[in-house]
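So the structure is just underneath, and the comments pick up after that.
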Amino acid sequence: MNLRHLVSRQAVTNASKISARLRSPYGHGFTTMAADPEPLSFHSPSQGGSKPLKNPKCPKPISSFNRYIHSAQAQVGDPKIDSEVSDEEEDGVINEFLSRFVWIIRQKLNEAYPDCDKETIDGMLMIIVQKVVSEMEKGGIEQMLSESQSTPLQDFSEDLWKTVWEVSNMVLEDMKKEVKKEKMKGFLQEEEVKEMCRFAGEVGIRGDMLRELRFKWAREKMEETEFYQSLERFREEDRKSQEEGEAAEGMQAETTGEEEKSKVVSLPKRRGKIRYNIYGLDLSDSKWVDVADKIHEAEEIIWPEEPKPVTGKCKLVTERIIQSNMTDDLSPLLAEWVELLQPSKIDWLNFLDRLRKQNTGLYFKVAELVLNEKSFETNIRDYSMLIDAHAKQNHLEDAERILKKMNENGIQPDILTATSLVHMYSKVGNLDGAKEAFESLRSQGFKPDTKVYNSMIMAYLNAGQPKLAESLMREMEARDIKPTKEIFMALLRSFSQSGDVGGAGRIANIMQFAGFQPTLESCTLLVEAYGKAGDPDRARSNFDYMMKVGHRPDDRCTASMLAAYEKKNLLDKALNLLMQLEKDGFEPGVATYSVLIDWLGKLQLVGEAEQLLGKIAEQGETPPLKVHVSLFEMYAKAGVEKKALQALGVLEAKKEQLGSGEFERIINGLIDGGFKQEAHRIHGLMEARGFVPSYSLNLALAASRLKRSGTRGPQ
């Protein structure tokens, strides 16, 4: 657009009239601009072109444009513009429109006339704005734009009107966006929008995505509100039109004086049920009532009720309960709390959650008391959660008490409860309880998962029944559940400790087929298994294979291999193995020295055994219990009474750590050394610990009683 052809001659003529009208209230006129229009280039809309009128002088100073804007604003407050909008609101809209309009038009004039001063630009602005205001007075901003788009104003050139129309539309769009932005701020704070944002935050939505969702929900809420407002507006307009029609009919009836029978306009009489079809769905069907009820129930689950606020005396009672001791009777305080708050399920859960965080021990006590409260609405899930909490804390008696109460109230344990019981009984070593809970799971049609199988397998292993544990593992494989490496190692360890080389070999092969490569631990367990079974050759074969696959034997593995040789008394092979390992940098540890001391003690090599005992002391280690048993047996059989009794005193001090095998070795050593009275005394300790003597030990004790001559032993 060429802004040097802005104002037509007719606009200059109108400027004279404006100056005459505005001279009185403000004391300034615009006659100078009307008399000397040469600084601007004018043309008539009918002219095809225009010739600039040159004048080296700029026009004289004109009045401030701000005073004109104030005057123009004062003329627009006509209440006839829109009956639904107050005068103050309309004035505010017009003020905003004119302010934005003048700001943009001023910039365009400054770009087109860079040589003109501010007063000249203000004069141009005055003429443009005065015409815009006069058009606005006729019918408002939007009406001016809609009408003038097709019929340009005669006072403006075509280019000038095009610019005015574009700027006016741009200003109006900006104002609408501002209004919409302000409305959006209000809808962003709507409770429904904030509730949806809270839920989105709880399910893990964060950052930009949550921000976008919040604006989307606010915009949808605004559109919904505007839709209903438009419906209300249409309803109001319809009501007014009906009232006007009725009033017109009444006036017509009065003037004509004709008595006509009143006609009642109504809908035709309905026959049958109303049918609503939306997108092909017959919503008049009664099944949609059930659907609505289910939706309502689902909303209650998704948007649960909030707990009641705990204030006043109820808050004091709550603090007293939390600060109570385990030995206190909490029933009166709970009854008072219930009377004050009248709690629902959500209130109880909120209170128990707070109690669990602050006082775990008291939580278990209160949770058990709450099970009897009517307002708590106890269900099977409450029992199972409490049983599971006790099971995780290894509270066996408490869990069984809750389970008994559950059965007394006619509630059968569900799958979750049975699963918790399997884990609990497995940890405490109660095989019968674990089997009962496991069978309960199967009877309910539940297919155990990996955790349940693992717990049951460990229960069998802890009870010394590795074959039953292996059968469960094979059941897992049949159901395409891959056992973990820990389960394989636990089975291999159990078979190894019992000396079952067949079971240990099977587990080792299954591990390899399952993709688990041999480790130092698994190879050591195989060596131990063959050693306890008395097969040193197979033990050595596994020992060599371990070294072949790249595992260097440690102290425990070497001790297991030496123990296998000890079974067959192959001392030369054991010594050769030790020398070979020492060449490779192996240094014997406590486990290796313990096996050697036991072996030398059985051979009655007291000096050599004591020398190895000194090596253990040099390493700063304490000799294990097995070494003390071996030393006692050696001293007793060798007739070294003083050291034998000293070693016996050490063993008696550690009697709680002794097993059945250690007791039998001690008693046999006492009998062989002639300490028959001490042998019977230690036998009494063994029976007091609950161990049953073997048949051979009973025979030896019976023979010692027959041969006892009253002597205590060799002097």
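Worth saying up front: this structure is predicted, and the values here are computed from it rather than measured.
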Taking atom types as modelled and ignoring hydrogens, do the side chains of T558 and D555 form a donor-acceptor contact shorter than 3.5 angstrom?
no
What residues form a ring-ring contact (aromatic ring centres under 6.0 Å, His included) with W599, not counting sequence neighbours?
none
State, without any angle test, whether R479 and Y453 hold a side-chain donor-acceptor pair at a distance under 3.5 Å.
yes
Assess whether a salt bridge exists between E397 and K404, defined as any Lys/Arg side-chain N lying under 4.0 Å from an Asp/Glu carboxylate O.
no
Is it true that a side-chain atom of S426 and a backbone atom of H423 form a donor plus acceptor pair closer than 3.5 Å?
no
Just to verify, which of H683, E678, H680 counts as forming a side-chain contact (heavy atoms from CB on, under 4.5 Å) with L670?
E678
Backbone N/O of D584 and side chain of R552: donor-acceptor pair under 3.5 Å:
yes
Restricting to side chain to side chain donor-acceptor pair (under 3.5 Å), what partner residues turn up for R474, sequence neighbours left out?
E470
Residue set satisfying side chain to side chain contact (heavy atoms under 4.5 Å, CB included) with S694, at least two apart, ordered chain then number -> E664, S696, L697
Checking D449 now: which residues fulfil side chain to side chain contact (heavy atoms under 4.5 Å, CB included) with it, not counting sequence neighbours?
K451, V452
When rounded to the nearest 0.5 angstrom, what is the spacing between CZ in R665 and OG in S660?
13.0 Å
Separation between CD of E608 and CD1 of I597, rounded to the nearest 0.5 Å
12.0 Å
Flag side-chain contact, heavy atom, 4.5 Å: L431 against M456
yes
Approximate separation, where rounding is to 0.5 Å, of I457 CD1 and E475 CD
9.0 Å
Fit a plane to each ring of H395 and H390, take the angle between them on a 0 to 90° scale, and name the class: parallel (under 30°), tilted (30 to 60°) or perpendicular (over 60°).
tilted
For Y425 and E400, test the side chains for any donor-to-acceptor distance below 3.5 angstrom and give the result as yes or no.
yes
Checking K365 side chain against D328 main chain: does a donor-acceptor pair fall under 3.5 Å?
yes
Residues R556 and E521 bridged, charged N to O under 4.0 Å:
yes
So which heavy atom on S494 is nearest to which on P466, and how close?
OG-CB, 3.3 Å
Over all heavy atoms of both residues, which pair between L491 and A469 is shortest? Give the atoms and the distance, please.
CD2-CB, 3.6 Å
So, are E528 and R493 salt-bridged, with charged N and O less than 4.0 Å apart?
no
If you measure only the distance, is there a donor-acceptor pair under 3.5 Å linking the side chains of Y565 and R540?
yes
Quick one: closest heavy-atom pair of M546 and P553, and the distance?
CE-CB, 3.6 Å
S496 side chain to L526 backbone, donor-acceptor under 3.5 Å
no
Indicate yes or no: does R354 engage E319 in a salt bridge with an N to O separation below 4.0 Å.
yes
Sequence neighbours excluded - ring pair (Phe, Tyr, Trp, His ring centres under 6.0 Å) pairs with any residue from residues 642-666
F663-F691
Are there over 12 heavy-atom neighbours, none belonging to K345, within less than 6.0 Å of that residue's NZ?
yes
Does the side chain of E641 come within less than 4.5 Å of Y635's, by heavy atoms?
no
Is the closest basic N to carboxylate O distance between E633 and K602 below 4.0 Å?
no
When you measure from the side chain of N668 to the backbone of I671, do you find a donor-acceptor pair of N or O atoms at a distance under 3.5 Å?
no
Criterion side-chain contact (heavy atoms from CB on, under 4.5 Å) on Q323 and T318, from CA distance to verdict:
CA-CA 9 Å; Q323 295 173 5; T318 304; over 6 Å; no
Is there a salt bridge (charged side-chain N to carboxylate O under 4.0 Å, His left out) between R681 and E652? Walk through the geometry before answering.
CA-CA 11 Å; R681 185 172 64 82; E652 286 191 57; 2.8 Å; yes
Applying side-chain contact (heavy atoms from CB on, under 4.5 Å) to I666 and L658, what does each step give before you reach the verdict?
CA-CA 10 Å; I666 294 170; L658 296 174; 4.0 Å; yes
Distance from T519 atom OG1 to L525 atom CG, nearest 0.5 Å?
8.0 Å
Is any side-chain N of the basic residue among K482 and E477 closer than 4.0 Å to the acidic one's carboxylate O?
no
Under 3.5 Å donor-acceptor pairs involving side-chain atoms of residues 625-632, not counting sequence neighbours:
residue	atom	partner	partner atom	Å
S630	OG	D598	OD1	2.6
S630	OG	K626	O	3.0

Strictly below 4.0 Å, N to O, side chains only: are D398 and R401 in salt-bridge contact?
yes
Between D388 (side chain only) and S384 (backbone N and O only), is there a donor and an acceptor less than 3.5 Å apart?
no
Enter the distance from F513:CZ to M511:CE here, rounded to the nearest 0.5 Å.
13.0 Å
Side-chain donor-acceptor pair under 3.5 Å between D353 and Y363, yes or no?
no
Tell me, with the steps shown, if L578 and L596 meet side-chain contact (heavy atoms from CB on, under 4.5 Å).
CA-CA 11 Å; L578 277 177; L596 291 175; 3.9 Å; yes
Distance from I411 atom CD1 to T378 atom OG1, nearest 0.5 Å?
7.5 Å
